[in-house]
**Student:** 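What follows is a single structure, and I will ask about it in a moment.
Just so it is clear, the structure is predicted and the values come from calculations on it, not from any experiment. Lettering follows sequence order; numbering is per chain, from 1. Every heavy atom of this structure was used, including side-chain atoms; hydrogens, water molecules and symmetry mates were not.
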Amino acid sequence: MARYNPKETEPKWRSAWDKAQVFKAGPPAPGQPKYYVLEMFPYPSGRLHMGHVRNYSLGDVIARFKRARGFNVLHPMGWDAFGLPAENAAMERGVDPRAWTYDNIDRMRSELKELGLSIDWSREFATCDVAYYGQQQAWFLDLFKAGLVYRREGVVNWDPVDQTVLANEQVVDGRGWRSGAVVEKRKLNQWFLRITDYADDLIDSLKTLDRWPDKVRTMQENWIGRSKGARFAFRWADGPAAGFEDGLEVYTTRPDTLYGASFVGVAPDHPLAEQIAEKDPRAAAFIAECRRGGASEAEIETAEKIGFDTGLTVAHPFDPDWKLPVWIANFILMDYGTGAIFGCPAHDQRDLDFARKYGLPVTAVVLPPGEDPAAFRVADEAYVGPGTIFNSRELDGLEVEPAKAKAIARIEAQGQGDGATVYRLRDWGVARQRGWGCPIPVVHCDRCGVVALPRSALPVALPDDLDFGKPGNALARHPTWKTTTCPDCGGPATRETDTLDTFVDSSWYFARFTNPEFPEPIDKAAADYWLPVDQYIGGIEHAVLHLLYARFVTKALADQGMLSVHEPFAGLFTQGMVTHETYRRQGGEWVEPREIEIEAEGKTRRARLVGTGEPVVIGDVEKMSKSKKNTVAPEEIFEVYGVDAARLFVLSDSPPERDAQWSNAGVEGAWRFVNRVWAEFESQPQGVAAAAAGDDPGALAIRRGAHRLIKAMTEAIEGFRFNSGIARLYEFLNLLKEHKAEGASPAVLAARAEALSAFARLIAPFTPHLAEECWARIGGSGLVVSAPWPDYDPALTQDAVLTLPVQVNGKRRGEIQAPAGAEPADVEKMVLDDPEIARRLEGLTIRKVIVVKDRIVNIVAA
RNA sequence: GCCCCAGUGGCGAAAUGGUAGACGCGGUAGACUCAAAAUCUAUUGCCGAGAGGCGUGCUGGUUCGAGUCCGGCCUGGGGCACCA
């Protein structure tokens, strides 16, 4: 028997698909539903890694399944191709970033094609294609006109390694998301997209995304961080500070605790604090001290609360004779709310710590349920729970929520402020001081200021001769590119040399895929047909980055009339990472998996270096990374086991949302399966027609198994339980082996023929090349990729006679055989007549017999 | 600190409130082989010779019946975080 040879079959079938153009998305067809499957497009690093193999295999299962189910499927691929790695490669190796990127794309395209993905390659583009980013500039200008783009000086996150500004979302734990460098604060002119205009919509419509993981929705909700409260001004008690004649505006979520106020505080970089510092060197010294503190988690946790009494006082809004001191305090943040607060120490831990340190009063105004108002005191722990307001004059006796409403109403009546909603979300800073990106299509004119280019001036293309040889912005130092004329006055002007964040590039590519040739950014007819993406697949690491930006841009473009959908991704699936065991030599150096061999004896496993036999320590299972040397190169796996075995293993071992552990033994298991499948098809005599089984028990077992399998696979794929589905394939293969073709009756052979026809189609989404080879072997018509998904007969998914477990007092004590659908009363009689059960019931009195139809019997006895 | 998720054999994992451990990996024994690899067969949760007993992080509860539902706790992972 010939061993299955993927090296021969896999390329053969890929070119067959290619020739038949089977993966090209069709035009809108009446009566045929559409399905848009998209995996997050890759950065063209030049190398396919196992994470890609997993991500794209997952999407491919869905795409192939939906095709087989009769959907008009769109499954495109492109390249997120701008960004720093190209610039770094350029600087380190003196190559041109453009050439480097397109070379990488060529290499990765051929690797992805080798994976046998059902991609419509006719729609491929890279974000660094002028044809793409020129269209991006077009809609950027539309947003500019709509007031959704603005430029202002502000404090921004500066990544000193990548030498560029970062958005808040791109700073993780005080460090740049890509470089890992500690981010600095800098004051810069910066371009922003007004994502905060959409804060409410972005939160509220999360509710409609019922095919998104709760986790991602929660993360976005937290990130946007909506809080409801009041914004109001404290009036000055001793004459106004210059520039603050209307008072000092604060934000609070707890207006109900106003009678517990004991001070008002401002952030060290609040304009009032800066004004005071100009005249008072002690205040200036205090502010300088605050700035020294770092922004990392550990530093914040241990940082002591410190303050500076400005000597200014304000009046309590509800009692003009009540004076409150104004402090500068290090724990108040300038970029949240108004940068100023009132301190209520009894009901806020930070305020309490601060008040204890500086001897400020602590007055409890919320009485916890069941506490005695005369005796209740706050010691070291602020009380933040529910309760009844007391010590608060007209608010006394109210619960927290009504008290908030009443306080806000009074503030509003006094004209001092109003109820307000505040967000943690900041506007999206999109300018990057980098040369390998989409140029921002505006010019700076001495006379007219910042001028947006007209559409006719697009695309603003990158020059071909950028010098990436040294750090910094290659575009800004180009000798001639930025010199231009003002489209308004015709006078001399310079081009903006900042480029757009690459997250802008990826925030609309899914819409461009619907018609990548269109002369406008988006072909509305095509987008209306294909969008939203029915199933989007990618890593959880983009939960608040790409996925938030893409939602925002979709809403903004929809408001410009360019799109009809307000959400880009109807279904989202976040897949886990690919991990591997780590190995280290005694000295601690990491060792690659290919350099070791594992031996097992009983339950213990040992690893040794190949060749020397030096023992190696088996370490934790971790995400594949070059630094820990626990990577496995996909192309080496393809070479040994073929693409199908790799695809199968990466889908079979863990549920797709969880991390999958790669192991050599595991892929060998998948390889065994591939060979056993092929052996099963080879052993079947050719030309046997599928036929109804009659009552041959073997044939019936095969048919029942097959129909059960079809049902299970259909449900498993719909529910993203690929690992369970694949387990059922293995199970069914074991069943087929019990009913070998060799020496089988005609009835069994006919049942096998029916089963194998279904089986070839069921494995097609997972091991598409093998499926074609099997399909051809049994004389299936056309390509299996175009064959319809098999149907099942519900009547055949159940056995005629069932084995029902019998429990006594909830413990399994035996079993009986009963026909499917047997009436509970009949089953009860059978159970009580059973001698083995009767033995178990000796000396007991039966109180109750529960029969769950076709399931279980439980006898309650004492 | 707040929010979310997860704890099941040696390992990856299954299990609409109804036979816990499907399926795979690994192990053990055997067949084939001069031998090995590959392949095939059997077996494999734990304790026990067996009958049987015990088992889904711990602990209470609901239920005829709980891995699954509810309460409390422990451990691990993730997100947010001096956010007023």
Side-chain angles (χ1 to χ4, degrees), chain A residues 1 3 172-173 213-223 225 227 229 250-254 257 265 267 293 297 299-301 303-305 329-333 335-344 347-351 353-354 384 422-424 540-541 543-544 579 581 598 600-605 621 648-649 652-655 657-670 672-673 675-676 679 721 723-734 737 803-815 847-852 854-861:
Chain A
M1 183 181 65
R3 209 167 152 78
V172 180
D173 220 359
D214 290 342
K215 183 184 166 82
V216 175
R217 290 193 289 181
T218 309
M219 281 166 72
Q220 293 212 355
E221 198 173 334
N222 289 343
W223 184 263
S227 90
V250 300
Y251 172 74
T252 182
T253 56
R254 296 297 303 272
T257 65
E297 197 177 333
E299 281 163 316
I300 286 167
E301 205 121 290
E304 201 182 350
K305 301 212 172 6
N330 67 337
F331 66 93
I332 302 169
L333 306 174
D335 54 1
Y336 186 79
T338 62
I341 61 155
F342 79 82
C344 177
H347 304 294
D348 183 289
Q349 192 59 46
R350 293 155 301 178
D351 297 349
D353 295 344
F354 190 75
V384 295
V422 165
Y423 306 87
R424 214 183 70 92
I540 186 81
E541 67 272 19
V544 286
T579 62
E581 270 182 341
I598 304 254
E601 199 187 306
K603 287 168 187 174
T604 54
R605 294 167 71 238
V621 173
L648 184 70
F649 173 57
S652 70
D653 216 34
S654 296
E657 68 276 12
R658 233 180 279 179
D659 287 352
Q661 190 182 332
W662 183 273
S663 73
N664 202 49
V667 74
E668 282 190 12
R672 268 196 287 274
F673 174 82
N675 280 292
R676 284 168 49 194
R721 293 187 308 273
N723 56 324
S724 297
I726 292 168
R728 302 301 295 267
L729 293 174
Y730 276 86
E731 200 173 34
F732 185 70
L733 191 66
N734 290 340
K737 282 174 70 172
T803 302
L804 303 185
V806 180
Q807 297 182 331
V808 176
N809 294 329
K811 287 192 196 299
R812 189 176 186 279
R813 289 297 182 230
E815 57 187 38
R847 304 245 186 257
K848 199 172 169 187
V849 177
I850 294 134
V851 178
V852 182
D854 292 345
R855 272 284 177 191
I856 199 167
V857 181
N858 192 11
I859 301 167
V860 186

**Student:** Would you give a per-nucleotide map of nucleotides 52-59 of chain B, 5' to 3', where B means the base has a protein non-hydrogen atom under 4.0 Å away, S means only the sugar-phosphate does, and - means neither?
**Tutor:** SS------
**Student:** Check whether any side-chain heavy atom of A:Ile726 sits under 4.5 Å from a side-chain heavy atom of A:Leu648, and report yes or no.
**Tutor:**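 Yes; the side chains approach each other to less than 4.5 Å.
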**Student:** How are the rings of A:Phe673 and A:Tyr730 set to each other: parallel, tilted or perpendicular (split at 30° and 60°)?
**Tutor:**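 Plane angle between 30° and 60°, so tilted.
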**Student:** Taking side chain as C-beta onward, heavy atoms only, is A:Lys215 less than 4.5 Å from A:Ile540?
**Tutor:** yes
**Student:** Looking at B:rC54, which nucleotide sits across from it as a Watson-Crick or G-U wobble partner, both distances under 3.5 angstrom, or is there none?
**Tutor:**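 B:rC54 is paired with B:rG45.
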**Student:** Got A:Trp662 and A:Asp653 here, is their nearest side-chain heavy-atom distance under 4.5 Å?
**Tutor:**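 Side-chain contact under 4.5 Å: no.
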**Student:** Out of B:rC3, B:rC64, B:rC80, which nucleotide sits closest to the side chain of A:Asn858?
**Tutor:** B:rC64
**Student:** Consider the side chain of A:Met219, meaning its heavy atoms from C-beta on, and name the nucleotide among B:rG79, B:rA14, B:rC64 that approaches it most closely.
**Tutor:** B:rG79
**Student:** According to the Watson-Crick and G-U wobble definitions, with both distances under 3.5 Å, which nucleotide is paired to B:rG76?
**Tutor:** B:rC5
**Student:** Can you tell me whether the side chain of A:Arg855 and the base of B:rU16 have a donor-acceptor pair closer than 3.5 Å?
**Tutor:**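 Yes.
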**Student:** Provide, to the nearest angstrom, the distance between the CD1 atom belonging to A:Ile540 and the P atom belonging to B:rA6.
**Tutor:** 13 Å
**Student:** Rounded to the Å, how far apart are A:Glu657 CD and B:rA6 P?
**Tutor:** 10 Å
**Student:** Atom NE2 of A:His347 and atom C1' of B:rA84: how far apart are they, to the nearest Å?
**Tutor:**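 Rounded to whole Å, this separation is 14 Å.
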**Student:** So which one's nearest nucleotide on RNA chain B is more toward 5', A:Thr338 or A:Val857?
**Tutor:**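 Mapping each residue to its closest nucleotide by heavy atoms, the 5'-most match is A:Val857.
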**Student:** Rounded to the nearest 0.5 Å, how far does CG of A:Asn734 lie from CZ of A:Arg676?
**Tutor:**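 So the gap between those two atoms works out to 5.0 Å.
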**Student:** Measure the distance from CD on A:Glu581 to P on B:rG12 and round it to the nearest whole Å.
**Tutor:**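 Interatomic distance, CD of A:Glu581 to P of B:rG12: 10 Å.
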**Student:** Roughly how many Å is it from CG in A:Asp659 to P in B:rC5, rounded to a whole number?
**Tutor:** 18 Å
**Student:** Taking a pair as Watson-Crick or G-U wobble with both distances under 3.5 Å, which nucleotide is matched to B:rG30?
**Tutor:**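 When the pairing criteria are applied, B:rC40 turns out to be the nucleotide that pairs with B:rG30.
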**Student:** In whole angstrom, give me the gap between the C1' atoms of B:rG55 and B:rC46.
**Tutor:**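 Straight-line distance between the two C1' atoms is 7 Å.
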**Student:** When you compare the side chain of A:Val857 with that of A:Val849, does any pair of heavy atoms fall below 4.5 Å?
**Tutor:** yes
**Student:** CD1 of A:Ile856 versus P of B:rG65: gap in Å, rounded?
**Tutor:**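 For the pair A:Ile856 CD1 and B:rG65 P, the rounded distance is 12 Å.
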**Student:** Expressed in whole Å, how much space separates the P atoms belonging to B:rC4 and B:rC70?
**Tutor:** 13 Å
**Student:** To the nearest Å, give me how far apart CD (A:Gln349) and C1' (B:rA81) are.
**Tutor:**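 Answer to the nearest Å: 15 Å.
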**Student:** Check every atom of B:rC40, B:rU19, B:rC83 against the side chain of A:Thr803 and return the nucleotide holding the closest atom.
**Tutor:** B:rU19
**Student:** Please state the P separation for the pair B:rG7 and B:rG61 - nearest whole angstrom.
**Tutor:** 24 Å
**Student:** Check every strand shown and say whether A:Arg847 touches a base, only sugar-phosphate, or nothing at a heavy-atom separation below 4.0 Å.
**Tutor:** nothing
**Student:** Taking the chi torsion of B:rG48, is it syn (within 90° of 0) or anti (everything else)?
**Tutor:**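 In terms of base orientation relative to the sugar, B:rG48 is anti.
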**Student:** Which part of the nucleic acid, if any, lies within reach of A:Leu804 when heavy atoms closer than 4.0 Å are counted: base, sugar-phosphate only, or nothing?
**Tutor:** nothing
**Student:** Are A:Gln807 and A:Ile856 close enough that some pair of their side-chain heavy atoms sits under 4.5 Å apart?
**Tutor:** yes
**Student:** Taking only the side-chain heavy atoms of A:Arg424 (C-beta and beyond), determine which of B:rC82, B:rC83, B:rC64 contains the nearest atom.
**Tutor:**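 Side chain of A:Arg424 sits closest to B:rC83.
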**Student:** When you measure from the side chain of A:Ser654, which nucleotide among B:rA81, B:rG78, B:rG12 comes out closest?
**Tutor:**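 Nearest nucleotide to the side chain: B:rG12.
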**Student:** Scan nucleotides 20-31 of chain B nucleotide by nucleotide, 5' to 3', and note B when protein non-hydrogen atoms come under 4.0 Å of the base, S if they reach only the sugar-phosphate, - if neither.
**Tutor:** --BSSSSS----
**Student:** Determine the Euclidean distance between corresponding P atoms of B:rA13 and B:rA49; express it in Å to zero decimal places.
**Tutor:**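 Pairwise P distance, B:rA49 against B:rA13, rounds to 34 Å.
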**Student:** Compare side-chain N and O positions of A:Lys848 against OP1 and OP2 of B:rG65 and report whether any pair is under 4.0 Å apart.
**Tutor:** no
**Student:** Considering only atom P, compute the distance from B:rG17 to B:rG67 and round it to an integer number of Å.
**Tutor:**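 About 13 Å, rounded to a whole number of Å.
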**Student:** Quantified in whole Å, what is the P atom distance between nucleotide B:rA38 and nucleotide B:rC25?
**Tutor:** 12 Å
**Student:** Decide side-chain hydrogen bond (donor to acceptor under 3.5 Å, both in side chains) for A:Asn858 and A:Arg813; before the verdict, give the C-alpha distance in whole Å, the side-chain angles of both, and the deciding distance to 0.1 Å.
**Tutor:** CA-CA 10 Å; A:Asn858 192 11; A:Arg813 289 297 182 230; over 6 Å; no
**Student:** Regarding A:Arg605 and A:Glu581, does a basic nitrogen lie under 4.0 Å from an acidic carboxylate oxygen?
**Tutor:**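 Looking at A:Glu581 together with A:Arg605, the answer is yes, because their closest N to O distance falls below 4.0 Å.
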**Student:** Under 3.5 Å for both donor-acceptor distances, Watson-Crick or wobble: does B:rC25 have a partner, and if so which one?
**Tutor:** B:rG10
**Student:** In Å, rounded to the nearest 0.5 Å, how long is the span from CZ of A:Phe331 to NZ of A:Lys305?
**Tutor:** 6.5 Å
**Student:** Choosing from B:rA84, B:rU16, B:rA14, which nucleotide comes nearest the side chain of A:Arg658?
**Tutor:**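 Among B:rA84, B:rU16, B:rA14, the one nearest the side chain of A:Arg658 is B:rA14.
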**Student:** Quick check for you: among B:rC3, B:rC64, B:rA84, whose closest atom lies nearest to any side-chain atom of A:Thr218?
**Tutor:**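 In terms of side-chain proximity for A:Thr218, the closest of B:rC3, B:rC64, B:rA84 is B:rC3.
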**Student:** With side chains defined as the heavy atoms from C-beta onward, is the minimum distance between A:Asp348 and A:Val384 less than 4.5 Å?
**Tutor:** no
**Student:** Rounded to whole Å, how long is the line connecting atom CG of A:Asn330 with atom P of B:rC82?
**Tutor:**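 Distance, rounded to whole Å: 12 Å.
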**Student:** Expressed in whole Å, how much space separates the P atoms belonging to B:rA81 and B:rG10?
**Tutor:**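 One P to the other, the span is 41 Å.
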**Student:** Go ahead and name the base partner of B:rC69; Watson-Crick or wobble counts if both distances stay under 3.5 Å, otherwise write none.
**Tutor:**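 Its partner is B:rG61.
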**Student:** Indicate whether OP1 or OP2 belonging to B:rA84 is found under 4.0 Å from a side-chain N or O atom of A:Tyr251.
**Tutor:** no
**Student:** When the nearest nucleotide of RNA chain B is assigned to A:Arg721 and to A:Val852 on a heavy-atom basis, which residue is associated with the more 5' position?
**Tutor:** A:Arg721
**Student:** With rounding to whole Å, what would you report as the distance between B:rU44 and B:rC23 at their C1' atoms?
**Tutor:** 15 Å
**Student:** Looking at A:Arg217 and A:Asp214, is there a salt bridge between them, counting it only when a charged N and a carboxylate O are closer than 4.0 Å?
**Tutor:**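 Answer for the salt bridge query: yes.
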**Student:** How many angstroms lie between atom CH2 of A:Trp223 and atom OG1 of A:Thr218, to the nearest 0.5 angstrom?
**Tutor:** 15.5 Å
**Student:** Taking a pair as Watson-Crick or G-U wobble with both distances under 3.5 Å, which nucleotide is matched to B:rC83?
**Tutor:** none
